[in-house]
Amino acid sequence: MTHQMRVTRLSLSIAALLATAPLFAQNVTTSAVSGRIVDAGGKPVAGATVVITHEPTGTVKEVTTDAEGRYGAQGLRVGGPFDIKVKSGAGNADQDGVYLQLGQVTPVNFNLNAASSNDLGSVTV
């Protein structure tokens, strides 16, 4: 193989690599939120429903906590404000005014207080 053929092949290889580089670039245009939910005793709350609402548009994303009380939601709009509500048998909670940053995972944890539950019990008249 001549020197010129090697240079031509090398040039073509470099050109091919540069042409495919944009395919590997990540264009992140969203944000995410994650956290952990524990009950009043500090134990993880599995199966809690977490509702994440983008207040300006009303867009809603709903996720469920795992066995360790963890949740995560990706692909959310950047900015906010977001309203994050937790609904579970261990209690309910709400966090308003959450703002998310581009390409970042914002942590929002909840410690449910049994008194915050909507369970009013029985009423005797």
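Criterion: ILVMFWY side-chain heavy atoms under 4.5 Å apart, direct or through other members. Under it, V63 and V98 are part of a common hydrophobic cluster.
With a 4.5 Å cut-off on side-chain heavy atoms, Y71 and T49 do not count as touching. Side-chain contact between S34 and R70: absent, with no pair of heavy atoms (C-beta onward) separated by less than 4.5 Å.
Expressed to the nearest 0.5 Å, how far CG of N111 lies from CG of D39 amounts to 8.0 Å. Residue N92 holds its CG atom at 7.5 Å from CG of L112, rounded to the nearest 0.5 Å.
For the pair G97 and P81, the tightest heavy-atom approach, listed with the atom from each and the gap, is CA-CB, 3.9 Å. Closest approach of D94 and I84 over heavy atoms only: OD1-O, 3.2 Å. In plain terms, the two heavy atoms of P56 and G80 that are nearest each other are CG-O, 3.7 Å.
A donor-acceptor pair under 3.5 Å is formed between the side chain of N109 and the backbone N or O of R36. Between the side chain of S31 and the main chain of R77, a donor-acceptor pair closer than 3.5 Å is present. Put simply, the side chain of T65 gets close to the backbone of A48: a donor and an acceptor are under 3.5 Å apart.
Sorted by first and then second residue, the ring-ring contact (aromatic ring centres under 6.0 Å, His included) pairs involving residues 73-112 (not counting sequence neighbours) are H54-F82.
Residues passing the salt bridge (charged side-chain N to carboxylate O under 4.0 Å, His left out) test with K85, sequence neighbours excluded: D83. T30 pairs by the side-chain hydrogen bond (donor to acceptor under 3.5 Å, both in side chains) definition with nothing, not counting sequence neighbours.
Annotation: Q101, atom CD; neighbour count of heavy atoms from other residues, nucleotides and ligands within 6.0 Å does not exceed 12.
Screening T59, T53, V60 against T57 for a side chain to side chain contact (heavy atoms under 4.5 Å, CB included) leaves a single residue, T59.
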